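Read through the structure below, which is laid out as structure tokens, and then see the notes.
From a predicted model like this one, the values you see are computed outputs, not experimental measurements. Computed from heavy atoms alone, side chains included, the values below leave out hydrogens, waters and symmetry copies.
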Amino acid sequence: MENQPLCQETRCPIQFVLEIIGSKWAILILRELFSGSRRTHEFLEALPGISTKTLTARLRELESYGVVRRKVFPEVPPRVEYSLTEKGREIQPVMMSLKVLGEQWLEQDACECPMEPNSLFKPESLSA
């Protein structure tokens, strides 16, 4: 343990993950994607209060980190769908822990949430 660098001396892994998911709306966008692919209007319906501009900015940020995939269909008008990448699905255990902790702190029963393990996509069921 003596030879391991301190987080102040290297890039802190916690800080790095929070740079990706810590911006406003990012966690809720990811939560929605655990139910499957989403289009812009579906995010806007599921996330009252988010503007189209903010949604677009957050999706682009998540895409730039390789967490979200953007697929444009060659249609008129173009249809765009967003989905989680393999890397994006790796956040699921962390988000489940946040959900459980929130339920404990709120002292309430479990809510229906796309984060439930049986509602998540299995990697083999996803098409690239």
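Between the side chain of Glu42 and the main chain of Arg39, a donor-acceptor pair closer than 3.5 Å is present. In this structure a side-chain-to-backbone donor-acceptor pair under 3.5 Å is present from Ser51 to Thr54. Side chain of Lys71 to main chain of Ser83: no donor-acceptor pair is present (N/O by atom type, distance under 3.5 Å, no hydrogens or angles).
Under the salt bridge (charged side-chain N to carboxylate O under 4.0 Å, His left out) criterion, the residue pairs touching residues 51-62 are Arg58-Glu61, with sequence neighbours excluded. Pairs of residues two or more places apart, or lying in two chains, that qualify as salt bridge (charged side-chain N to carboxylate O under 4.0 Å, His left out) and include a residue from residues 13-26 are Arg11-Glu19.
Expressed to the nearest 0.5 Å, how far CD1 of Ile20 lies from CD1 of Ile27 amounts to 11.0 Å. Atoms CD1 and CG, from Ile29 and Leu47 in turn, are 6.5 Å apart once rounded to the nearest 0.5 Å.
Heavy-atom minimum distance, Glu81 versus Ser37: OE1-CB, 3.9 Å. Across every non-hydrogen atom of Arg89 and Leu84, the tightest pair is NH1-O, 3.0 Å.
Residues Met96 and Gln92 meet the side-chain proximity criterion, which asks for heavy atoms closer than 4.5 Å. Contact check for Leu62 versus Tyr82: no side-chain heavy atoms found under the 4.5 Å cut-off. Using a 4.5 Å heavy-atom cutoff, the side chains of Ile91 and Val67 are not in contact.
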Worked check of side-chain contact (heavy atoms from CB on, under 4.5 Å) between Trp25 and Leu55: CA-CA 8 Å; Trp25 299 106; Leu55 174 61; over 6 Å; no

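Linking ILVMFWY side-chain heavy atoms closer than 4.5 Å, directly or via other members, places Val100 and Val94 in two distinct hydrophobic clusters.
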